[in-house]
Amino acid sequence: MQEPVIPTTTTRKGHPKGLAVLFSAEMWERFTFYGNRALLTLFLVSALNFTQEDSSIIYGGFLGMGWLTAILGGFIADRYLGNRTCILIGGLTMSLGQLFMFGSGILYATDLPTARMIMWAGLVILILGNGFFKPNISSMVGQLYPKNDNRLDSAFTIFYMGINLGALLGITICPILGDIKHADGTRDVTAFKWGFLAASIAMLVGTVMFYFLKDKYVVSPEGKPVGTKPKKQHEMEGEAAQAQFSTQAVIITVIALLVLVSAFHWLVGVNVLYAFIYSTGIALAGLILSDKSLNGVERQRIIVIYIVSFFVIFFWACFEQAGSSLTFVADQQTDRHLFGWNMPPSLIQNAQSLTLIILALPFSWLWLKLQKVKMDPVAPVKQAMGLFLLAVGYYVIAMQVKNLGNEKMGVIWLIVLYTFHTVGELSVSPIGLSLVSKLAPHRFTSLLMGVFFLSNASGYALAGTLGTLLPPTGEKFEIAAKNNIDLQGILNGTVAVTSQLKEQLLTLKLPSAYPQFAGFTIHNLYEFFMLFAILPGVAAILLFLLSGLLKKWMNGVR
């Protein structure tokens, strides 16, 4: 039975006050997330004595698992607790997790093993908190509006401005407090803890504000509270009340998950954590589609969510180099002087947030204007545009470092890269959130929002893997030269690596070989950045070619 196409709602203007409440809650949560992101890899390397490669893997795993648990948070909200309760649990949990990071920043100098253990505990707590918070705050935005409302793309773009206002504050305040260098260029490692403490306080403030404002403002168009414990209201809207998963389907899903994890780990060579992230997305996709309550139109719309989510993986895998490889490039290979100010490397990421805040409202206005003249591209086309802009950003910077050698590039080129990436982000992430809100059956809203965030999880996991491909830059060669090591000869294979030399390289955190990807050796920053231009560029072309089919399967939703 085909579901009738629901006409777009066009009679309402402006946005409900509840959007401002959710905007604020998300802003403080993103302050916490991005403040931590700006400091994490530098803290791991500088205070906890991890290598850059290991810190990139930890970074990718932390981000990936944080988005993976969004599935759990979405399921618990849809089935048991509701969005509101899960948001409160997630906010308080993340505030606690940042306190653990603060404790690790205190103990590292006197008790490194304990500091590492507390850091691991803090990351696990943050992962769980993000899982409860993230899918539920996003799915509540869609509940403020009537079904298929024409304001949703605009609403999610404004909501996304809250994300980046929080990111701007977090990436400004936390590095100013926690990423401090002395006049001689050495880092004040003792300062990291203050950045983590600021992130903890911000999360607590956001959670308390949401608690006191939610009942008055976070309501449906009819004035009823949204995000409460789930009821069977969907039956009145022509939808099934609950999913109907058979025992056989659940068993098959578990078996498929185990087989996929084994295949990714043993056959492809992916580490177990990343293999679990990738496998969960595939197995869960199959489980949802096995739901007996789905009709034909619902199933096609869910498939569209899956296909778009797959392509978004490549966006985040490249975009999230900001917190790992691009931070190391900013720290070691960039002249960070801008108008006489030597910027902290972690602070350069603010170019993303500042650009997005400036452009969010114009983009929100643009989508509404294009709708009025019937020229608004369908969501997959917008997201293909975002992937293309991401590729352009990396191509621009690849051209700048092509003949750089061991010299440092100007910080302005990183700012140009982040500007392209931000415009691309506005065409990918808020549009994707809006698309899920429009396409997902109500009984799956938070769960499918979690599935969409699995693209973030997989992208972040892939980002961690790709971040390890960063080749040695000028600072590495300087360290080698000071210790009478011919690093270039070692990398070219003309200098034999003895056991003594290998131990010395490990101590100095120097590589013994160039990184490789898919059989290709990456010798320099040009080849490294071109990898990130090619991946999203190819993904953009493929998604654009598929957009006609996806439009058909969206069944009237744009």
Side-chain angles (χ1 to χ4, degrees), residues 29-69 90-133 170-171 173-175 177-180 187-204 271-274 276-277 320 322-325 327-328 331 344-346 349 457 460-461 463-465 467-468 506 509:
E29 188 273 335
R30 291 293 89 181
F31 178 111
T32 300
F33 175 85
Y34 280 98
N36 181 288
R37 188 188 80 161
L39 299 177
L40 181 58
T41 52
L42 295 175
F43 175 66
L44 293 175
V45 170
S46 303
L48 300 187
N49 205 31
F50 287 95
T51 65
Q52 286 187 9
E53 292 77 12
D54 287 341
S55 68
S56 290
I57 291 293
I58 294 169
Y59 170 79
F62 164 63
L63 295 182
M65 288 301 296
W67 294 103
L68 180 63
T69 53
L92 293 174
T93 302
M94 282 187 283
S95 181
L96 177 63
Q98 294 290 10
L99 283 179
F100 272 71
M101 298 299 294
F102 173 69
S104 179
I106 293 175
L107 291 176
Y108 78 93
T110 56
D111 191 347
L112 182 60
T114 301
R116 283 190 170 192
M117 182 177 66
I118 292 175
M119 179 274 296
W120 287 119
L123 293 185
V124 169
I125 292 170
L126 286 167
I127 286 168
L128 292 173
N130 188 78
F132 274 97
F133 190 98
I171 299 175
I173 294 174
C174 292
L177 294 175
D179 184 14
I180 297 174
R187 178 168 277 113
D188 181 3
V189 185
T190 65
F192 279 112
K193 60 180 178 290
W194 302 119
F196 295 131
L197 181 61
S200 176
I201 293 171
M203 190 67 256
L204 184 61
N271 75 53
V272 174
L273 179 61
Y274 287 9
F276 181 73
I277 292 171
E320 280 301 330
S324 56
S325 64
T327 295
F328 293 132
D331 189 35
S346 52
Q349 299 173 39
Y460 292 158
T465 300
T468 65
L506 288 172
K509 301 178 183 177

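Since this is a predicted model, take the numbers as computed values, not measurements.
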Test side-chain contact (heavy atoms from CB on, under 4.5 Å) applied to M203 and L96, step by step: CA-CA 9 Å; M203 190 67 256; L96 177 63; over 6 Å; no
side-chain contact (heavy atoms from CB on, under 4.5 Å) between R187 and D331, intermediate numbers included: CA-CA 11 Å; R187 178 168 277 113; D331 189 35; 3.5 Å; yes
Which atom of G131 lies closest to which atom of T69, heavy atoms considered: CA-OG1, 3.2 Å
Heavy-atom pair with the smallest gap, counting every atom of G61 and L273: CA-CD2, 3.7 Å
Nearest-0.5 Å distance that lies between atom SG in C174 and atom CZ in F31: 4.5 Å
Between OG on residue S200 and CZ on residue F100, distance to nearest 0.5 Å: 11.0 Å
Any L107 side-chain heavy atom under 4.5 Å of L112 side chain: no
Mutual orientation of the aromatic rings belonging to F102 and W194 [parallel < 30°, tilted 30-60°, perpendicular > 60°]: tilted
Show the atom names and distances, to 0.1 Å, of all donor-acceptor pairs under 3.5 Å that link a side chain in residues 118-130 to residues at least two apart or in another chain.
unit_1: N130; atom_1: OD1; unit_2: R30; atom_2: NH2; d: 3.4
unit_1: N130; atom_1: ND2; unit_2: G66; atom_2: O; d: 2.8

Sub-4.5 Å side-chain heavy-atom contact between T41 and Q52: no
Backbone N/O of F133 and side chain of E29: donor-acceptor pair under 3.5 Å: no
Candidate pair F43 and S55, rule side-chain contact (heavy atoms from CB on, under 4.5 Å), full reasoning: CA-CA 9 Å; F43 175 66; S55 68; over 6 Å; no
Contact check, side chains of M101 and L39, non-hydrogen atoms, under 4.5 Å: no
Non-hydrogen side-chain atoms of F192 and S46 separated by less than 4.5 Å: yes
Min side-chain heavy-atom separation T93-F132 under 4.5 Å: no
Criterion side-chain contact (heavy atoms from CB on, under 4.5 Å) on K193 and L177, from CA distance to verdict: CA-CA 8 Å; K193 60 180 178 290; L177 294 175; over 6 Å; no
Rounded distance (nearest 0.5 Å) linking atom OG1 of T465 with atom CG of N271: 6.5 Å
Residue pair L44 / D54, side-chain heavy-atom distance below 4.5 Å: no
Spacing of F33 atom CZ and L40 atom CG [to the nearest 0.5 Å]: 10.0 Å
Side-chain heavy atoms of Y108 within contact of T190, under 4.5 Å: yes
Spatial distance of atom CG (D188) from atom CG (D179) [nearest 0.5 Å]: 10.0 Å
Those residues that, when tested against R116, pass salt bridge (Lys or Arg N to Asp or Glu O under 4.0 Å) (two or more places apart): none
Heavy-atom closest contact (T32 atom, A199 atom, distance): OG1-O, 2.9 Å
Y59 vs E320 side-chain heavy atoms within contact, under 4.5 Å: yes
Between CD1 on residue I201 and CG on residue L99, distance to nearest 0.5 Å: 8.5 Å
